[in-house]
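Notes for the one structure printed next.
The figures here come from the full heavy-atom set of this structure, side chains too, leaving out hydrogens, waters and symmetry mates. Quick caveat, the model's predicted, so the values are computed rather than measured.
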Amino acid sequence: MPDFQPVSESVLYVLRIVIPLLSIVVLVRAFHSIKAGRRREEPVIVLQNTVTKETVPVLYWENSIGRSRSCDIVLSDMTASRDHAVLMRRESGWYVTDTGSKAGTRVNGRMTRQPASVKPGDIMTLGSTSLMLQRTSEAKLPQQKRRVLHAASPFGLLLTVSVIQFLLLLESCFGGGEFSFLPVVPFLALQVMEWGLYLFSMKKLNRVSFELETIAFLLAGTGVMLLSGMRGKLAEGQEAPGMWAVADSTMSTVYMQLFTMLLGIVLFVFLIWFMGDLDRVTKFRPWVAGGALLLFAVNLVFATALHGASNWISIGPVTVQPSEFVKVAYVFAGAATLDRLQTRRNLTGFLLLTGACLLSLFLMKDFGTACIFFVTFLFISFMRSGSIRTIVLAVAAAVFGAFLILQFRPYVLSRFQGWRHVWEYVNESQGYQQTRVLSYGASGGLFGMGIGNGMLGGGRSGTSVFAANSDLVFGMLWEELGLVMAVVVVSALALLVFCARSDATRSRSTFYSIAACAAAGLLLFQACLNVFGVVDVLPLTGVTLPFVSAGGSSMVSVWGMLAFLKAGDERTYAARRQKKRR
């Protein structure tokens with residue numbers, strides 16, 4: 001018994017080295033598997049100019065055609081409009097839609113303004129250019145060399161994540177210098193949700209990929225086990241933020257985090273099913289946008305101020321942050337362009353929705369979330385319009401708006417008083433939190449102090465720094481699990497952007513590609529605000545670290561964002577179509 005403590009310390013130190021190394025293996029294998037599972041970027045159909053006999057490969061499921069260089073298929077024809085038409089593929093075949101061109105679009109000589117079906121051998125006339133639709137097998141295209149990549153086993157990846165979480169469980173049980181069985185229940189709950197979704201997806205829905213879900217479980221599981229190590233050491237008067245928040249103990253916060261994670265998984269499954277029908281997406285787009293505005297209206301009427309922002313609605317012991325759910329609706333409504341690519345009317349409604357959202361967030365004084373919405377707007381508007389000019393004008397308007405806010409709302413400027421000067425306010429509100437994060441985080445070194453042993457979480461001091469498990473969770477992650485694990489977590493979120501970008505050219509609709517890129521960009525930008533805010537590179541805005549921070553509303557929202565990424569992977573719906581053919 002006297003030797004127990006030295007032995008356990010040595011074992012726990014080894015675990016702190018093994019955990020980030022296994023996490024790196026999971027990330028590398030997961031993203032390699034995503035790359036291996038993609039189809040090659042090769043033509044899905046071919047267009048042949050009937051005059052010049054030039055062959056134009058069509059790479060995407062939805063293609064803008066016109067004189068503008070931002071179009072997918074560029075016409076060297078002054079009689080064609082800059083944004084003339086859209087050629088798109090649906091389950092029933094190929095369609096061409098005129099997008100308000102001056103000369104109109106003809107199919108086999110007949111003028112059409114509505115979506116018209118086109119089959120191989122049909123001729124589309126846009127201005128003075130006539131293009132014949134051909135199958136790729138009928139065209140002479142250069143052969144591409146095949147690269148053989150082997151996808152990782154979904155079962156093996158998830159099993160590795162479970163092993164990582166078991167090692168985190170051991171750390172959490174021994175955290176704070178005293179053994180406790182309390183973290184065992186959260187660990188078991190994680191396993192039930194993870195393997196339950198795996199069996200449902202791979203067996204019931206006949207899907208072939210599970211990499212994105214595995215990455216999400218790695219991040220969310222790390223956050224849950226990190227919270228479990230705090231075990232009721234919240235500072236006096238501290239309130240755990242998020243949906244279903246309960247402030248009486250940290251373990252109550254952990255259970256609520258798990259419950260909202262379950263709600264997020266349900267939303268994830270529902271959204272993937274809902275987005276499987278593009279006609280349904282088009283039909284419900286206005287309703288989803290209206291629902292987002294209604295949520296903001298309810299927030300403005302019933303919300304109470306919490307930590308400077310009026311963005312929380314309390315229903316008994318339950319607190320909800322509507323703006324987190326509006327993020328999902330905003331990406332959905334903004335990405336649903338379908339057959340109106342590259343057109344001005346394509347952005348009008350989206351601009352109005354964006355203006356209403358930003359105005360609501362301004363009235364709520366939630367400027368961190370407003371920044372997230374604005375950056376998401378830039379992602380979506382550029383992908384929808386292909387116009388750099390639109391982005392420049394939007395940024396200029398945002399800079400002008402920020403100037404007016406600082407002029408007429410001086411209290412906003414006072415919130416950033418400590419930015420880049422936190423060491424001048426070590427014991428004052430402007431710098432108290434960030435100086436502790438920088439000091440305690442640095443003490444964690446490469447592999448951390450161990451779960452439950454950090455000063456930020458109250459492991460050694462008995463009381464935690466305010467918002468250590470939410471807005472400052474990166475500092476807690478850094479201190480207790482080490483710099484290597486903290487970098488792994490941020491890298492996982494950053495790699496989602498590259499995953500979404502590479503899938504954009506292979507998605508069966510621009511809705512999926514735009515939504516995936518916007519969702520990944522939102523998650524990464526939110527992570528940057530959280531990480532750079534707590535280390536004083538950017539002003540502290542009070543946003544959560546996706547999947548990791550305590551916050552139920554945020555947890556539900558990020559799983560909704562993950563659904564857009566999953567829908568952007570063409571393998572998600574390919575399995576369903578194959579099953580239907582049988």
Side-chain angles (χ1 to χ4, degrees), residues 10-38 149-172 187 190-191 194-195 198 209-227 229 441-442 444-451 453-454 473-503 520 523-524 527-528 530-532 535 545-549 558 562 565 569:
S10 301
V11 171
L12 291 176
Y13 182 74
V14 172
L15 294 184
R16 294 199 292 271
I17 298 176
V18 172
I19 288 170
L21 296 180
L22 283 178
S23 300
I24 292 172
V25 170
V26 169
L27 288 187
V28 172
R29 292 292 292 151
F31 284 100
H32 181 273
S33 182
I34 291 172
K35 184 177 180 181
R38 298 191 191 105
L149 297 174
H150 300 286
S153 165
F155 176 85
L157 281 177
L158 188 58
L159 182 61
T160 307
V161 169
S162 293
V163 171
I164 293 170
Q165 291 169 352
F166 178 73
L167 300 181
L168 289 170
L169 169 66
L170 294 179
E171 275 202 63
S172 186
F187 170 78
L190 281 172
Q191 302 313 303
E194 291 169 3
W195 290 100
Y198 173 83
S209 62
F210 202 73
E211 300 95 348
L212 291 173
E213 295 93 326
T214 301
I215 295 168
F217 282 131
L218 173 64
L219 298 177
T222 300
V224 167
M225 300 316 298
L226 195 66
L227 295 175
L446 290 176
F447 301 107
M449 304 290 296
I451 293 179
N453 294 321
V473 77
F474 177 77
M476 195 174 156
L477 179 70
W478 177 13
E479 182 187 13
E480 298 192 2
L481 292 180
L483 181 61
V484 176
M485 191 63 184
V487 171
V488 167
V489 168
V490 177
S491 299
L493 294 168
L495 287 171
L496 291 178
V497 174
F498 294 99
C499 171
R501 174 62 186 88
S502 59
D503 278 338
L523 291 174
L524 178 60
C528 289
N530 179 277
V531 173
F532 295 143
V535 298
L545 184 61
F547 293 104
V548 182
S549 292
V558 294
L562 191 70
L565 288 164
D569 186 346

Begin from the C-alpha positions of Leu218 and Thr214 and carry the test side-chain contact (heavy atoms from CB on, under 4.5 Å) through to its verdict. CA-CA 6 Å; Leu218 173 64; Thr214 301; 5.8 Å; no
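- Between Leu565 and Asp569, every side-chain heavy-atom pair lies at or beyond the 4.5 Å cut-off.
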Start with the C-alpha distance between Thr222 and Val548, add both sets of side-chain angles, then the distance that settles side-chain contact (heavy atoms from CB on, under 4.5 Å), and finish with yes or no. CA-CA 7 Å; Thr222 300; Val548 182; 5.5 Å; no
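- Looking only at side-chain heavy atoms (C-beta outward), Val484 and Phe447 come within less than 4.5 Å of each other.
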Show your working on side-chain contact (heavy atoms from CB on, under 4.5 Å) between Leu493 and Leu545 and close with a plain yes or no. CA-CA 10 Å; Leu493 294 168; Leu545 184 61; 4.2 Å; yes
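- Atom CD of Gln165 is separated from atom CG of Leu22 by 12.0 Å, given to the nearest 0.5 angstrom.
- Between Phe210 and Leu157, every side-chain heavy-atom pair lies at or beyond the 4.5 Å cut-off.
- Rounding to the nearest 0.5 Å gives a distance of 7.5 Å between CD1 of Ile34 and CG of Leu496.
- Residue Leu227 holds its CG atom at 8.5 Å from OG of Ser549, rounded to the nearest 0.5 Å.
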Decide side-chain contact (heavy atoms from CB on, under 4.5 Å) for Leu190 and Phe217; before the verdict, give the C-alpha distance in whole Å, the side-chain angles of both, and the deciding distance to 0.1 Å. CA-CA 8 Å; Leu190 281 172; Phe217 282 131; 5.7 Å; no
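- Annotation: the span from Leu169 atom CG to Ile164 atom CD1 amounts to 13.5 Å, rounded to 0.5 Å.
- Between Ser172 and Phe187 the shortest side-chain heavy-atom distance does not fall below 4.5 Å.
- Two residues are said to be in side-chain contact when any heavy atoms from C-beta on lie closer than 4.5 Å; Leu219 and Val558 fail this criterion.
- Scanning all heavy atoms of the two residues, the minimum distance from Met485 to Leu481 falls at CB-O, 3.6 Å.
- The two residues Ala520 and Val497 have their closest heavy-atom pair at O-CG2, 3.6 Å.
- Residues Ile215 and Phe31 meet the side-chain proximity criterion, which asks for heavy atoms closer than 4.5 Å.
- Taking the six-membered ring for Trp and thresholds of 30 and 60 degrees, Trp478 and Phe474 have ring planes inclined between 30 and 60 degrees apart.
- Between Leu212 and Cys499 there is a side-chain heavy-atom pair separated by less than 4.5 Å.
- Closest approach of Glu480 and Gly454 over heavy atoms only: OE2-N, 3.5 Å.
- The backbone N or O of Arg29 lies less than 3.5 Å from no partner atom in the side chain of Ser33, so there is not a single donor-acceptor pair.
- We find the CD-CG distance between Glu211 and Leu27 to be 12.5 Å, quoted to the nearest 0.5 Å.
- In this structure, Glu171 and Met225 have side chains that are not in contact, with every pair of non-hydrogen atoms separated by 4.5 Å or more.
- In terms of heavy atoms, Ala494 sits closest to Leu524 at CA-CD1, 3.7 Å.
- Separation of atoms CG (Leu168) and OG (Ser23) is listed at 7.0 Å; rounding is to 0.5 Å.
- The side-chain contact (heavy atoms from CB on, under 4.5 Å) with Val490 is formed by just one residue from the set Asn530, Val531, Leu477; it is Val531.
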